[in-house]
Every structure is written in C-alpha cells, then in structure tokens.
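Heads up, the thing below is written out as structure tokens.
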Amino acid sequence: MNVLNFINAFFSDSAHWKGYDGIPTRLWEHILYSLVALGIAAGIGLPVGLLTGHTGRGGNALSLIATAARALPSFGLLVLMFVVLGLGLLPVMIPLVVLAVPPILVTTYEAVRSVDPSPVDAARGMGMHESRILLQVELPVALPLILSGLRSAAIQIVSTATIAAYVSLGGLGRYIVDGLYQRDYEKVVGGATLVAVLALATLGLFWAVGRLAVSPGVRRSN
C-alpha cells in the first residue's frame with residue numbers, strides 16, 4: 001500500500017472526522033498550541049529585537065543567545081521540562097518558545113539595522129522622539145524582513161508542535177505517536193500530511209499578511 005493510498009484511506013474514513021480524536025479537534029489543538037507559542041515568542045523577540053536594532057547595541061549578545069538557543073534539541077528539552085515540571089502545557093511551550101525566539105529576535109534586529117540611515121537622521125534632525133522614529137520611520141521599512149522572521153518561527157512551531165503528543169497532550173502529533181505505537185501507518189501518514197498542509201497554509205497566511213501590511217513601495221524595493 002503506497003503513501004497515496006494511506007492518505008486516501010485516512011481522510012475517507014468518517015471515524016477520523018468526529019469525536020475527541022477527530023481531525024477538526026486535533027487540528028484546532030495544534031493551531032492553539034502553535035498560536036500560544038508564537039505569541040509568547042513574538043512578545044519576547046520583537047521588543048528586544050526592535051530596541052537593540054534601533055540603538056545598535058547588543059548585537060553580539062543576541063547572536064550568541066540565538067546560536068545557543070538553536071543548538072538546544074527541542075525533544076531533549078521537552079523531556080527535561082517534563083521531568084522537572086510534570087504533565088501539562090508548560091513543558092511543551094518552553095521548547096517551542098525557545099525554538100521560535102531566535103529567528104524572530106535576530107531577524108528583527110537585522111531588519112531595523114538594515115534601514116537606510118538617511119531618513120532616520122532626517123527624522124532626528126526634525127526633532128522626532130526616538131520611539132516615533134522607531135515606529136514611524138524604521139518599522140515600516142523593516143516590516144518585510146520582520147515578517148519573514150515571524151514566518152520562519154511559525155513554520156518551525158507548526159512542524160515541531162507534534163512533540164506535544166509525547167507528553168499526553170493533543171494536536172496532530174497524536175496521530176503520529178499513536179499510529180507508530182499501534183503500527184497503524186495509515187494514521188501516521190495522515191497525521192504527517194495534516195502537519196505539512198498546515199505548514200503550507202501558514203506560509204500562505206504570512207504571504208497574505210505581507211501583501212496587506214507592507215506598503216507597495218517597500219515591497220518593490222525588496
């Protein structure tokens with residue numbers, strides 16, 4: 001039985017579309033985990049990246065922190081957090097946030113630092129406050145690159161949130177983990193397909209956000 005047959009069998013089975021283990025429920029759980037993790041990571045990475053990018057200070061420290069965070073294995077960190085904290089959502093959120101902060105942090109810093117200094121100097125010459133310069137001059141120009149960092153983090157979270165199933169939580173990883181345990185490869189392939197489709201949908205969502213949020217002039221210059 002090839003992969004396409006597994007996929008067809010999984011999605012054509014009505015039992016997979018209802019109940020607590022149905023596709024809508026597991027998909028919503030996966031999206032919820034991903035949104036919470038991305039929101040926390042953005043709440044950490046965006047302000048720090050914007051501030052350090054605007055002031056030009058702390059770039060080396062950010063690079064060091066990001067490199068160290070990327071070196072941490074998500075599954076190993078999940079196991080450690082599970083041993084320390086026990087069951088719950090927190091042991092899952094910590095590795096997902098640690099995974100997502102570096103691309104947001106570094107990309108935001110680089111995005112602000114790459115803004116042409118001429119309009120920034122002109123704004124200072126006009127007496128604009130530093131916060132207004134950041135938000136009204138630098139941020140609109142840096143937005144495409146910032147969104148690329150958020151997109152990268154979101155894709156990594158969506159792909160990695162399957163680890164929630166290893167600590168008895170839900171999400172699409174439930175199909176993969178349960179399928180491997182039961183040797184039900186139809187379920188494994190179906191779960192993996194759903195994760196891939198959700199990742200592609202996330203790419204499409206960020207493309208649409210970029211079209212709406214970034215001004216045409218900035219898009220053309222990028």
For this session: Determine whether the aromatic ring centres of Y175 and F10 lie less than 6.0 Å apart.
Result: yes
Sorted by chain and residue number, the side chain to side chain donor-acceptor pair (under 3.5 Å) partners of Q156 (sequence neighbours excluded) come out as S152
For this session: Check whether V106 and V98 end up in the same hydrophobic cluster, where Ile, Leu, Val, Met, Phe, Trp and Tyr are linked by side-chain heavy atoms less than 4.5 Å apart.
Result: no
Taken to the nearest 0.5 Å, the spacing of T162 OG1 from L194 CG works out to 12.0 Å
Electrostatic pair R26:E29 at N-O distance under 4.0 angstrom: yes
Original post:
Any chance CZ of R124 has more than 12 other-residue heavy atoms, nucleotides or ligands included, within less than 6.0 Å?
Top reply: yes
Rounded to the nearest 0.5 Å, the OG1 atom of T108 sits from the CG atom of L147 at a distance of 9.5 Å
query = Hey, is the main chain of L203 close enough, under 3.5 Å, to the side chain of R151 for a donor-acceptor pair?
reply = no
(Q) Between W17 (side chain only) and F11 (backbone N and O only), is there a donor and an acceptor less than 3.5 Å apart? (A) yes
Heavy-atom closest pair (A154 atom, L38 atom, distance to 0.1 Å) is CB-CD2, 3.9 Å
Contacts of D184 meeting side chain to side chain donor-acceptor pair (under 3.5 Å) (sequence neighbours excluded), chain-then-number -> none
In this structure, CG of L96 is separated from CD1 of I40 (nearest 0.5 Å) by 9.5 Å
Value for CE (M126) from CG (D121), rounded to nearest 0.5 Å, stands at 13.0 Å
Per side-chain contact (heavy atoms from CB on, under 4.5 Å), I31 is matched among V158, L172, L198 by L198
Are the side chain of Y33 and the backbone N or O of G170 linked by a donor-acceptor pair below 3.5 Å?
yes
For L85 and P91 the tightest heavy-atom approach is CB-CG, 4.0 Å
task: Please check if the side chain of T25 supplies one atom and the backbone of G19 the other of a donor-acceptor pair under 3.5 Å.
output: yes
